[in-house]
Amino acid sequence: MEDFYPFQDLEKKWQERWGNLFRCDLDGAGEKYYCLMMFPYPSGNLHVGHGRNYIIGDALARIKMMEGYNILAPMGWDSFGLPAENAAIKNNIKPSRWTEDNIRNMKKQFYDWGVLYDWSREIASCQPDYYRWTQWLFLQLYESGLAYQEKASVNWCPSCKTVLANEQVVNGSCERCKNLIESKKLKQWFFRITAYADKLLQDQEKLEKWPERVLVMQSNWIGRSEGIEVTFPLEDGDRNLNCFTTRVDTIFGATFIVIAAEHPLASELIKKGGEEREGTLFIEHVRQIMLQEREKVAFTKEGFFTGCYAINPATKKKIPVFLASYVLMEYGTGVVMGVPAHDQRDFEFVEESPLDIPVIQVIREEGSEAGDLTEAYVGDGIMINSGEFDGLQNREAMEKITDSLKERGLAERVVHYRLKDWLISRQRYWGAPIPMIHCAACGTVPVPEDQLPVLLPEDVDFIPRGDGKSPLAASPGFLNTVCPRCGGKAQRDTDTMDTFVDSSWYFLRYLSPRDTEKAFDRELVNRWLPVDQYIGGIEHAILHLLYSRFIIKFLYDKGLVEFNEPFANLFTQGMITRNGVKMSKSAGNTVNPGGLIEKYGADTVRLYTLFIGPPEKDAEWNDRSVEGAYRFINRVWRLYFRHRDIFSEPPGTDEGKLDPPRMDKAQLNLYRKIQKTIFKVKHDILDGSFHFNTAISALMELTNEIYLFIENNQDFEDRVGTSVELFKYALRNVIILLAPMSPHLCEEIWERMGHAETIFSRRLPEADEEYLEADRYTLVIQVNGKIRSREEIEQDLSDEEIKEIALANERIADFIQGKEIKKVIVVPGRLVNIVAV
RNA sequence: GCGAGAGUGGCGGAAUUGGCAGACGCGCUGGAUUUAGGAUCCAGUGGGGCGACCCGUGGGGGUUCAAGUCCCCCCUCUCGCACCA
């Protein structure tokens with residue numbers, strides 16, 4: 001009584017047999033297809049939300065394999081990082097041990113899901129034979145002047161006890177632990193990603209298949225802005241203030257200057273202006289609120305008059321210089337010209353200020369007069385109150401004013417970016433040591449390449465100290481070394497690298513994972529990269545994806561690779577929610593796949609995950625609906641199992657016997673439905689949108705039709721004639737098209753149908769285009785846009801014939817009686833609309 | 001505030017170029033089979049009305065023979081950016 005697909009045994013069987021299915025021969029036949037999922041952090045357990053990523057990737061790899069591609073689908077572990085360390089501290093075991101245990105567990109989860117990879121290429125970023133090459137990459141950057149050490153104000157997370165890159169700070173908090181970030185002055189290592197700001201921005205145009213929002217986020221982050229630096233001399237002439245502005249056309253309306261309170265010049269100016277005591281208090285006040293409430297400070301516009309004046313180079317007028325909380329030190333020059341009439345922030349500042357600062361309008365909206373402003377006018381218009389530039393269009397004036405200031409040596413065109421250099425040092429244990437040595441005599445010296453890897457010591461107290469130094473500083477065995485240059489006593493750099501360095505190049509390593517001579521094989525990498533399809537979460541829109549693009553561009557410029565973008569196509573799947581919120585351990589709303597697989601089997605879990613909704617969108621998990629997928633799986637199984645007698649012949653005879661012109665109506669209907677389904681499934685998945693959900697629903701429709709077809713078919717019951725052949729053909733196509741989504745079931749039926757080779761060596765069917773459309777269809781007949789009747793008609797009728805049929809329709813007569821027919825619109829294949837009044 | 005996306009039955013979601021709104025699935029209702037079933041199969045299932053019909057895709061206008069789809073205004077939600085000069 002095998003009414004149910006016996007998944008318990010069969011899924012195990014196929015998981016074992018598939019051992020080498022995804023083993024990639026890099027020189028094998030077929031066009032290459034590098035299908036890559038973002039490698040996970042081995043946190044121990046994957047829930048069904050994570051599963052979506054891997055199931056989409058696996059189904060894609062399988063269907064591409066069935067298209068004849070040579071598939072490279074590797075997997076590895078982003079295995080350095082804080083959680084391992086924290087867990088190790090908590091459980092008193094070594095991070096390496098904790099990591100290994102988790103990897104074992106997660107590998108089993110992939111296996112249970114039927115998610116396949118070429119495990120012979122497995123890598124783990126925490127292993128010396130991997131991080132040796134991460135260190136090598138660091139040295140390449142260092143040699144090229146793109147890795148440098150600098151004492152700077154950096155983001156310090158007091159809870160994680162390490163510094164963070166700007167990208168890892170979200171709203172002033174640590175993206176990992178959500179604690180407020182402090183500012184510390186520390187000597188740190190940086191990668192000069194800013195040198196690539198323009199290339200990263202420009203080459204976005206090559207990333208046509210990337211989601212628009214990811215590109216928008218990256219370009220926001222890079223924050224390129226073209227403008228002018230204008231020199232405002234101080235009144236007494238011994239110093240200049242440089243203002244960055246993108247609106248130099250408003251310079252005649254600049255009636256004051258604002259300097260960031262943290263600006264190094266601030267203290268000098270208040271001294272000079274005779275306001276030292278009060279001014280110092282103000283600077284301290286701003287610093288305090290910045291520390292406590294960064295959010296709030298953003299909306300107050302407190303200022304302090306320094307007592308100094310500058311000269312507006314356009315108007316030659318004396319204008320006051322203020323310190324204020326609303327000017328950012330980090331952007332531009334930290335000095336801004338205040339134009340209250342045309343900048344809302346400056347307008348508000350003037351309103352809040354007790355001093356009487358003039359508001360001078362210098363641009364008027366075309367077609368209206370200048371009048372009293374209730375807010376800043378930021379639009380374009382005609383220049384007024386601007387001397388020789390009056391009457392010009394402001395955009396035009398912008399150029400002319402720039403030229404005129406440039407001639408006088410008072411202005412320069414500049415480009416500013418919000419992107420800052422990538423801070424890569426971390427004061428934590430579980431990461432790749434930075435391969436540098438500090439020697440009293442020779443200074444900072446790189447570790448020679450042949451001395452790599454700089455091994456992470458095992459016998460070290462890795463509890464973070466929180467004093468701004470790495471735990472490695474407490475390991476004398478690690479710390480003390482000799483200088484590679486002079487041979488004298490020296491000390492190793494004790495920081496480790498940001499784990500995003502590890503993940504910025506791992507996709508190169510998969511091509512030659514065991515190579516002991518080099519980081520990656522240039523020939524293989526040039527042949528297999530860029531990645532054809534990269535799949536992962538949107539949360540890496542900036543971090544990982546921007547860093548990887550940077551590193552590849554660097555390697556390209558060094559001549560080490562021949563491609564300058566790592567990922568040709570990017571797909572970011574939506575997250576799975578439960579009770580409306582993202583599924584996560586911390587939210588306590590995870591669904592463990594283990595229990596579901598035990599109850600329904602992997603094919604069901606896979607099918608449901610793919611059916612849940614469009615993959616790029618978030619989707620709410622519903623345990624109830626999983627049963628629907630289970631039912632479908634069993635419906636397909638029964639379709640085979642109840643009629644297994646049909647498949648007793650050897651498979652060689654079961655194909656190519658169909659002759660559509662000789663089919664009866666019901667047979668032809670089914671035949672056409674099969675063609676339509678083949679077309680739709682392939683289209684929906686392979687057009688780049690990965691719409692498995694609609695592909696699956698098409699397969700459900702076809703399955704329903706097959707049931708209807710065989711139900712009342714005497715020939716089929718008697719096992720004679722075309723109906724039997726057609727049934728075989730129908731089921732075979734369902735099995736092949738469903739195989740990428742629910743591989744165990746399909747592989748099993750395929751085998752029982754008598755095939756010795758795996759179903760994944762089978763090519764996808766081609767739709768018989770002649771039969772994509774039905775030969776008859778239901779013509780909708782409307783009167784004045786409302787549906788009044790329907791009539792089944794032949795496909796290839798002329799407009800005139802269709803019109804006649806519609807007008808002759810009995811039910812229509814009632815509606816057009818006594819009316820004048822103004823117009824009849826015929827849409828062949830769909831409807832007729834009769835306009836009658 | 002700016003930018004992007006979204007709003008369709010009780011629920012998840014379908015709907016080339018404007019052309020039968022609600023495919024497919026969940027849930028629900030009825031029936032068949034069954035000792036029984038939370039299994040399976042069949043039928044029904046947007047709302048209103050006995051009915052012919054009427055109303056329905058966040059709200060309001062518009063274009064059109066025809067609008068979920070195009071245009072204008074507004075509301076709500078999600079995401080990103082946010083004193084970036």
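By convention in this document, chain letters (A, B, ...) are assigned in the order of the sequence lines, proteins followed by strands, and residues within each chain are numbered from 1.
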Could you tell me how far U63(B) sits from C73(B) if I compare only their C1' atoms? Round to whole Å.
15 Å
Using atom P of each nucleotide, how far apart are C77(B) and C26(B) to the nearest Å?
33 Å
Quick one: OH on Tyr326(A) to CD on Glu348(A), what's the gap to the nearest 0.5 Å?
9.5 Å
Parallel, tilted or perpendicular: which one describes the rings of His416(A) and Tyr331(A), with boundaries at 30° and 60°?
tilted
Indicate whether OP1 or OP2 belonging to C41(B) is found under 4.0 Å from a side-chain N or O atom of Arg638(A).
yes
I'd like to know if Asn833(A) reaches the base of C65(B) with its side chain, counting only an N/O donor and acceptor under 3.5 Å.
yes
Tell me whether Asp198(A) is salt-bridged to Arg224(A), with the criterion being a basic N under 4.0 Å from an acidic carboxylate O.
yes
CD1 of Ile576(A) versus P of G13(B): gap in Å, rounded?
10 Å
Pick the C1' atom in G37(B) and in A14(B), then give their distance to the nearest Å.
33 Å
Closer than 4.0 angstrom, basic N to acidic O: yes or no for Glu351(A) and Lys301(A)?
no
Report yes if a side-chain nitrogen or oxygen of Arg790(A) is closer than 4.0 Å to either non-bridging phosphate oxygen (OP1 or OP2) of G19(B); otherwise report no.
no
Picking from C24(B), A39(B), C20(B), the nucleotide nearest the side-chain atoms of Ile787(A) would be C20(B)
Are any of Asn704(A)'s side-chain N or O atoms less than 4.0 Å away from OP1 or OP2 of G25(B)?
yes
Specify the separation, in whole Å, of atom CD of Glu620(A) and atom C1' of C26(B).
13 Å
Closest-nucleotide ordering on RNA chain B, the 5'-leading residue of Val335(A) and Ile612(A):
Ile612(A)
Could you tell me how far apart Ile710(A) (CD1) and C42(B) (P) are, to the nearest whole angstrom?
10 Å
Can you check the distance between U57(B) and G61(B), where both ends of the measurement are the P atom (answer in whole Å)?
12 Å
With rounding to whole Å, what would you report as the distance between C70(B) and G18(B) at their C1' atoms?
8 Å
Met329(A) atom CE is separated from C83(B) atom C1', nearest whole Å, by 16 Å
Measuring to OP1 and OP2 of A82(B), would you say a side-chain N or O of Arg418(A) lies under 4.0 angstrom away?
yes
Respond yes when some side-chain nitrogen or oxygen of Arg631(A) is under 4.0 Å from OP1 or OP2 of C26(B), and no when none is.
yes
Polar pair under 3.5 Å, donor/acceptor by atom type, side chain Lys301(A), base C83(B):
yes
Using atom NZ of Lys673(A) as one end and atom C1' of C24(B) as the other, report the distance to the nearest whole Å.
10 Å
What's the CD-P distance between Glu705(A) and A23(B), to the nearest Å?
15 Å
Does one side chain, of Thr333(A) or Asn242(A), offer a donor that lies under 3.5 Å from an acceptor on the other?
no
Mate of U64(B) where both pairing distances stay under 3.5 Å, Watson-Crick or G-U
none
Nucleotide A85(B), atom C1' - distance to CD of Glu330(A) in whole Å:
13 Å
Has Arg213(A) got a side-chain N or O lying under 4.0 Å from the OP1 or OP2 atom of A6(B)?
no
Side chain of Phe611(A), heavy atoms from C-beta onward: which of C26(B), G25(B), C54(B) has the nearest atom to it?
G25(B)
Using the rule side-chain contact (heavy atoms from CB on, under 4.5 Å), only one of Ile706(A), Leu708(A), Asn713(A) pairs with Leu670(A); which is it?
Ile706(A)
Toward the 5' end of RNA chain B, by each residue's nearest nucleotide, Ala629(A) or Ile538(A):
Ala629(A)
At under 4.0 Å, does any side-chain N or O of Asn693(A) touch on OP1 or OP2 of G25(B)?
no
If the cut-off is 4.0 Å, is Thr778(A) near the phosphate of C20(B), judged by side-chain N/O to OP1 or OP2?
no
Listed nucleotide nearest any side-chain atom of Leu831(A), set G19(B), U40(B), C24(B)
G19(B)
Sort out the partner of A43(B) for me: Watson-Crick or G-U wobble, both distances under 3.5 Å, none otherwise.
U29(B)
